[in-house]
Amino acid sequence: MLALELHKLSPEFYVQPTLDAARLLLGKVLVSGESSGLIVETEGYVGPDDPACHAYVGRTRRNQVMWGKPGHAYIFFTYGAHFMLNVVTEREDYPAAVLIRAVEPVLGLEIMRQRRNLHLLRSRPLDRNLTNGPGKLCKALDIIAELNGISLQSDRLFIAEPPPEIALPPFQIIGTTRIGITRGTELPWRYYVKGNRYVSRL
DNA sequence: GGGCTGATTTGCT
DNA sequence: GCAAATCAGCCCG
């Protein structure tokens, strides 16, 4: 099984500044159970002074994981319909995280199509539609509320250095403003792999 | 290919 | 009450 060959990112990786982590996570492989994908788009949400960060309003039950230890998954529900996956960064008691916005599917394509209900569409869907958005990738990879707060050293959900046979070719990183927010819109804290088909939008 | 709408949780005003 | 780190289905053309 692929998971056994992978080298998980160390707990120390997540301690570094959030925007550094956001850039370095591009090209890494996100593994959730039997499904996995290469991270191609991220956003940083950085601390209590970032108006777009959930922790801007202080600690709540919903955002408490962000204030906890780095290297854990902050998963929240929004728009009454979708889950989003973040990885907590920096030190404990400083609320910061990287939102995973898109991945390129690697393993488990068929189960991803089933979870996304794309296997029964008439016009054959492009597989780029499986995981090219934060809500879509959570659905495709079965990332659910029960995993909120889980350690990324766990075998159920983790991030690893991709082995050469699945790694992206060398890429450039594009930085832009973040998507889907109304405050902090001027901050260029979104990053994506230039030219990758699975980026949610340009 | 674009615009509108519903899904229906969480937390603030 | 309503806006939110969204998406799919529908309408229209």
Side-chain angles (χ1 to χ4, degrees), chain A residues 14 18-19 21-23 25-26 30 32 35 37 39-68 70 72-90 94-105 112-149 157 159 174-193 197-202:
Chain A
Y14 301 96
T18 302
L19 300 182
R23 285 185 290 263
L25 283 170
L26 296 175
L30 170 67
S32 172
S35 330
I39 297 170
V40 298
E41 180 179 348
T42 58
E43 283 178 355
Y45 287 88
V46 191
D49 299 320
D50 173 3
C53 182
H54 283 174
Y56 189 62
V57 298
R59 283 184 197 249
T60 67
R61 194 166 74 245
R62 183 199 206 195
N63 71 30
Q64 63 178 333
V65 171
M66 265 186 130
W67 300 78
H72 290 243
Y74 169 44
I75 297 165
F76 66 90
F77 194 76
T78 193
Y79 293 109
H82 301 289
F83 293 106
M84 309 259 165
L85 170 65
N86 302 253
V87 303
V88 178
T89 52
E90 308 200 33
Y94 184 81
V98 175
L99 170 69
I100 310 298
R101 280 196 56 90
V103 303
E104 174 174 332
M112 289 190 210
R113 293 186 193 102
Q114 290 176 20
R115 291 182 185 132
R116 296 265 296 115
N117 288 327
L118 293 181
H119 59 299
L120 34 75
L121 290 189
R122 291 198 285 137
S123 57
R124 183 165 169 66
L126 291 171
D127 282 335
R128 72 186 299 185
N129 197 30
L130 282 175
T131 55
N132 62 342
K136 295 178 186 180
L137 75 89
C138 284
K139 181 97 177 186
L141 295 174
D142 200 26
I143 294 168
I144 54 179
E146 287 69 25
L147 300 180
N148 187 33
L157 185 67
I159 298 171
I174 305 287
T176 70
T177 53
R178 293 173 292 182
I179 289 180
I181 56 172
T182 55
R183 294 164 308 202
T185 53
E186 73 288 355
L187 299 168
W189 290 354
R190 171 176 177 251
Y191 305 99
Y192 64 85
V193 173
R197 295 167 45 77
Y198 296 88
V199 170
S200 67
R201 58 189 222 221
L202 303 179

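When reading the values below, keep in mind they use all heavy atoms of this one structure, side chains included, and skip hydrogens, waters and symmetry mates. We name chains A, B, ... by the order of the sequence lines, and we start the count at 1 in each one.
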Worksheet entry | Residues that Tyr45(A) engages under side-chain hydrogen bond (donor to acceptor under 3.5 Å, both in side chains), provided they are two or more places apart | Glu43(A)
Worksheet item: How would you give the extent of chain A contacts on DNA chain B, as first and last nucleotide 5' to 3' within a 4.0 Å heavy-atom cut-off?
Response: dA7(B) to dC12(B)
Practice prompt. For Ala22(A), enumerate each residue passing the side chain to side chain contact (heavy atoms under 4.5 Å, CB included) test, keeping only those at least two apart in sequence or located in another chain.
Written response: Thr42(A), Val98(A), Tyr191(A)
Discussion item. Can you pull out every salt bridge (charged side-chain N to carboxylate O under 4.0 Å, His left out) where at least one residue sits in residues 133-149 of chain A? Sequence neighbours excluded, please.
Written reply: Asp142(A)-Arg156(A)
Worksheet item: Using Watson-Crick pairs (N1 to N3, plus N6-O4 or O6-N4) and G-U wobble pairs, both distances under 3.5 Å, which stems of at least 3 pairs involve DNA chain C?
Response: B:1-7 with C:6-12, B:9-12 with C:1-4
Practice prompt. Not counting sequence neighbours, which residues clear side chain to side chain contact (heavy atoms under 4.5 Å, CB included) with Pro51(A)? List them please.
Written response: Tyr56(A), Arg183(A)
Worksheet item: Taking the same atom, P, in dC10(C) and in dT8(B), what whole-Å distance lies between them?
Response: 16 Å
Worksheet item: Should we count CZ of Arg59(A) as having more than 12 external heavy atoms under 6.0 Å?
Response: yes
Fill in: For Ala102(A), all residues meeting side chain to side chain contact (heavy atoms under 4.5 Å, CB included), sequence neighbours excluded
Val40(A), Glu41(A)
Practice prompt. Check every strand shown and say whether Arg61(A) touches a base, only sugar-phosphate, or nothing at a heavy-atom separation below 4.0 Å.
Written response: sugar-phosphate
Worksheet entry | Test ring pair (Phe, Tyr, Trp, His ring centres under 6.0 Å) applied to Phe77(A) - qualifying residues, sequence neighbours left out | Phe83(A)
Report all interatomic pairs (protein N or O, nucleotide N or O of nucleotides 4-7 of chain C) with separations under 3.5 Å.
unit_1	atom_1	unit_2	atom_2	d
dA4(C)	OP1	Thr182(A)	OG1	2.8
dA5(C)	O4'	Tyr45(A)	OH	3.4
dA5(C)	N7	Ala52(A)	O	3.4
dA5(C)	N7	His54(A)	NE2	3.1
dA5(C)	N1	Asn86(A)	OD1	2.4
dA5(C)	N1	Asn86(A)	ND2	3.4
dT6(C)	OP1	Arg101(A)	NH1	3.2
dT6(C)	OP2	Gly180(A)	O	3.1
dT6(C)	O2	His82(A)	NE2	2.6
dC7(C)	OP1	Pro134(A)	N	3.1
dC7(C)	OP1	Gly135(A)	N	3.1
dC7(C)	OP1	Lys136(A)	N	3.4
dC7(C)	O4'	His82(A)	NE2	3.0

Show me the donor-acceptor pairs, under 3.5 Å and distance only, between side chains in residues 174-181 of chain A and residues at least two apart or in other chains.
unit_1	atom_1	unit_2	atom_2	d
Thr176(A)	OG1	Arg190(A)	NH1	3.1
Arg178(A)	NH1	Gly44(A)	O	3.0
Arg178(A)	NH1	Asp50(A)	OD2	2.7
Arg178(A)	NH2	Asp50(A)	OD1	3.1
Arg178(A)	NH2	Gly184(A)	O	3.3

Discussion item. Suppose we screen for side chain to side chain contact (heavy atoms under 4.5 Å, CB included). Which residues come up paired with Pro70(A), at least two apart in sequence or across chains?
Written reply: Tyr14(A), Val15(A)
Worksheet entry | dG2(B) and dA5(C), which share atom name P, separated by this distance in whole Å | 24 Å
Worksheet item: Considering residues at least two apart in sequence or located in another chain, which fulfil the side-chain hydrogen bond (donor to acceptor under 3.5 Å, both in side chains) criterion with His54(A)?
Response: Tyr74(A)
